[in-house]
Amino acid sequence: MELKFSSGNVQTKEDSHQSKKHHRSRHEHHEDGEESSSTNSLSLKNLSKLILPPLGASTDSQNQIESRGRVLSPMDSRYRCWETFMVVLVFYSAWVFPFEVAFLDSSPNRGLYIADNVVDSFFAVDIILTFFVAYIDPRTQLLVRDSRRIATRYLSTWFLMDVASTLPFEALGYLFSGKPKVVLSCSLLGILRFWRLRRVKQLFTRLEKDIRFNYFWVRCTRLLLVTVFLAHCASCLCYLLADRYPHQGKTWLGAVNPNFRETSLWIRYISALYWSVTTMTTVGYGDLHAVNTVEMIFIIFYMLFNLGLTAYLIGNMTNLVVEGTRRTMEFRNSIEAANNFVCRNRLPPRLKEQILAYMCLRFRAESLNQHQLIEQLPKSICKSICQHLFLPTVETVYLFKGVSRETLLLLVAKMKAEYLPPREDVIMQNEAPEDVYIIVSGEVEIFNCETEREQVAGALQSGDIFGEVGALCCRPQDYTYRTKSLSQLLRLKRNDLIEAMHSQHNDNITVIKNFLQHHKELKDLCIEDFFTDAGHEHDDLHLLTVASTGNAAILEKLLKAKLDPDVGNLEGKTSLHIAASLGHEDCVWLLLKNGCNMHLRDRNGNNALWHAISSKQHSIFRVLYSCAASSDPCTAGDLLCTAAKRNDLEVMKELLNHGLNIDSMNHQGFTALQIAMAENHEDMVNLLVMNGANVANSNLPDFPPEALNEMLSRRETGHRIAVSDGATLQDMPMRMHEVERELTQEKSDMAICARVSIYRGHPVARRENRCAEAGRLIRLPGSIEDLKSIAGKKFGFDATNTIIVDEEGAEIDCIEVIRDNDKLFVVEDSNY
């Protein structure tokens, strides 16, 4: 695994360079105004606040800047302002405290006393606030928002020192003693306030990495403040020794001015500061020197301290600048070079923003040393890391649904993780297909740059994939893909994707199927290019795959490429079988139009009609049945006999609901009732008899008249047929003369109460034209003339010169042949 950082704007191929240049020049002039008002993208200022999410995490990194509930984010702008304000108070307290102790001991200033307590109150508020501020774990570099962990960490680290540096020792001394001298003596404990200086160090560390400030001047300011502050503290301490020494004339300041206490405060402070600076720089002029033993001892230690401080500064600062800040210096140099490059070549502000954002993000990511660590590990461990980090995300991508785990592991091992800043072009419109990207975290916008002003065509979230259309179809990219926020992407080379697909043929078919199902609206795919890398020996199988997805546009192009529509898979299923069972009506029409054989059967003996009716695809069944019945009159009989033989009651009910003649014969001359009796399927026999199967013509041997009479009587009253327990169809005797009498009586009764559906127009013409005119449900009259008269009234035309036909187009001239629930069609004689 490799971590890389791509700006998305640099191309190495000349052919794609011109197209990118064209798009950029066309829309860059108006994007600058949009970016200034965009609330969704992160500025360079906010990039310094980002914490990169762990690899494979789908957490939106932009949320790390925002506070949640009672827990504040250390990257929150409001908290950053508070920190800056507290640094100003640190400057005040660190500078004023030694000055008060040394120069104002004899005459304390009431205003400074009040100001000190106000500053201490702000630091007390900051202590409370720290219990609600998240922190960055130094081991994982991730933000910790748990309140209990925040409190535990603070109590075990800096809490005691922060409290000790905030206690108002002067006020406490005055409260317990009531003497100002004691109060000022207690102020020596205020040395603990120097603990606050760590905030200044943190501020300058952050400013050194902020590209909005010049690195050279930030470093110079830091060193200058350290030097001046040390000189200030030394001057105050030196004056304190002179002021507290009992013999006024035997001090370094008293030897020059015996009445120095009567001199103004400003002159005394400048004299002490002058001595401190000349002594620190080891260029003392001798006019101010130690007089008494205490001063000599202090100066000895002071000079030794300066010697050690100088050596430490020269040695360690050199190492820190050269080693510790080497990457920062290189980063700042690269930023300066980028600024010069932009100015020299007069690039638009948008490109400048992209370049600087990319360089800032790369600098922050490289500081984590993830790439260097992974490179040191063996290949097996790298694969395990990739599997742990990226496999959960890859499994959610639509393109890899149903793909085997072996292929997924192969894909994950070849993916590269990339961090991209906001507003970065990952893929440019019309560029050559090279890479496929999966979004782990962040958001990517889709732009159409073909118009004068680019338009947003959509947005992608975590778990989405883009670039796969160009990769799989070998075509230029349709859109420009641009990051909307800080995004973590997985990049996969097109060749690696194709190689992984070809590793297992079933996975190849699955990926293509997922692709076509997801992109049903792609009408301009080049089929020749789409299957270029797949090999022509599997073109027929691709036809089956496309039929299973329901993508009629792709299927039509494959059929135009002269692929065999009747090819079957290992189970013998053809494209028509698959499309019929899945309900893809458009694909069924295309296959029929291209001359597929609808009578072919798979290894289980099922044709397309059976697949359609068993899957309850009623509209497709009607289409197939109308075509099959016109070429094979035994179609209905075959379907009914098959359902009877398999004892499939559900399919039989569906067939009868579609109005198939229950007494239709198959190619062998058998009816469904005969097949059911031969197979001894009692429930099927009951169902067929209940729905009006012709028992008289079934030639059933040994059939008991009592049972048959009971069935017929129940059918007349609408009861469910139930065969008595213990009785089998083979054990029943036969009396055909009684059966004929019962059937005759049954038909006579049906003529009185039967109901039929009438439709206007020939059944074949209605099916071909897909006529949607509704029929009429009427009670069957006593004669054909009455039926025609009723039809004329229902449909509003003269039905004198009309004929009545059934679903197969056969003319009906006798009312006795019509049964309950038949479908009748009224056809004008001139159109017949």
Side-chain angles (χ1 to χ4, degrees), residues 1-2 4 6 8 11-13 15-16 379 382-383 386-387 390-391 393-418 426-428 430-440 460 463-479 481 489-520 522 524-546 548-549 551 554 557-558 561 563:
M1 181 181 66
E2 181 181 359
K4 293 188 176 180
S6 171
Q11 287 290 316
T12 59
K13 296 186 178 180
D15 55 348
S16 62
K379 188 176 181 179
C382 291
K383 288 184 177 180
C386 293
Q387 176 182 346
F390 304 141
L391 187 59
T393 301
V394 175
E395 288 176 338
T396 61
V397 177
Y398 83 89
L399 192 64
F400 306 120
K401 293 287 187 180
V403 176
S404 64
R405 186 176 180 85
E406 292 75 10
T407 302
L408 289 178
L409 294 179
L410 181 61
L411 286 170
V412 168
K414 296 182 179 180
M415 290 181 178
K416 313 297 180 183
E418 296 182 355
V426 185
I427 291 179
M428 299 290 293
N430 292 327
E431 74 175 357
E434 295 180 355
D435 301 307
V436 177
Y437 293 88
I438 298 175
I439 304 176
V440 178
L460 302 176
D464 291 332
I465 186 173
F466 60 93
E468 79 282 8
V469 176
L472 294 179
C473 301
C474 194
R475 57 186 284 179
Q477 300 293 347
D478 294 331
Y479 300 99
Y481 296 87
L489 306 179
L490 296 179
R491 180 170 60 86
L492 179 64
K493 286 291 185 181
R494 175 179 180 271
N495 294 335
D496 294 335
L497 174 60
I498 300 299
E499 181 182 350
M501 289 172 56
H502 293 170
S503 62
Q504 294 192 26
H505 177 68
N506 291 335
D507 291 336
N508 184 26
I509 297 298
T510 301
V511 171
I512 296 175
K513 179 179 178 180
N514 293 337
F515 175 80
L516 294 177
Q517 285 180 334
H518 191 77
H519 296 281
K520 290 184 178 181
L522 290 178
D524 57 341
L525 291 183
C526 182
I527 297 301
E528 292 78 7
D529 293 336
F530 185 76
F531 296 114
T532 296
D533 299 316
H536 295 287
E537 66 274 9
H538 300 302
D539 284 348
D540 293 333
L541 295 181
H542 292 317
L543 183 67
L544 298 174
T545 302
V546 174
S548 66
T549 64
N551 197 318
I554 305 299
K557 293 186 177 183
L558 288 176
L563 296 185

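Computed from a predicted model, the values in this text were never measured in an experiment. Keep in mind that the numbers below use all heavy atoms, side chains included, and drop hydrogens, waters and symmetry copies.
With sequence neighbours left out, Tyr479 forms a ring pair (Phe, Tyr, Trp, His ring centres under 6.0 Å) with no residue at all. Remark: Leu497 engages Phe400, Leu411, Val436, Leu472, Leu492, Met501 in a side-chain contact (heavy atoms from CB on, under 4.5 Å) (not counting sequence neighbours). The side-chain contact (heavy atoms from CB on, under 4.5 Å) search around Ser404 returns Glu406, Thr407, Gln504, Asp507, not counting sequence neighbours. With sequence neighbours left out, Lys493 forms a side-chain contact (heavy atoms from CB on, under 4.5 Å) with Asp435, Arg491, Asp496. Leu409 meets the side-chain contact (heavy atoms from CB on, under 4.5 Å) test with Gln387, Leu391, Arg405; sequence neighbours excluded.
For the side-chain contact (heavy atoms from CB on, under 4.5 Å) with Leu489, the lone residue among Val440, Val426, Ile438 that qualifies is Val426.
Contact record, Ala471 with Pro433: N-CB, 3.8 Å, taken as the closest heavy-atom pair. Shown here for Thr393 and Thr396, the closest heavy-atom pair between the two residues is O-OG1, 2.6 Å. What you find for Asn514 and Lys401 is that their closest heavy atoms are ND2-O, 2.7 Å.
Identified under the salt bridge (Lys or Arg N to Asp or Glu O under 4.0 Å) test for residues 464-474, with sequence neighbours left out: none.
In this structure the side chain of His518 never reaches within 4.5 angstrom of the side chain of Leu399, judged on heavy atoms.
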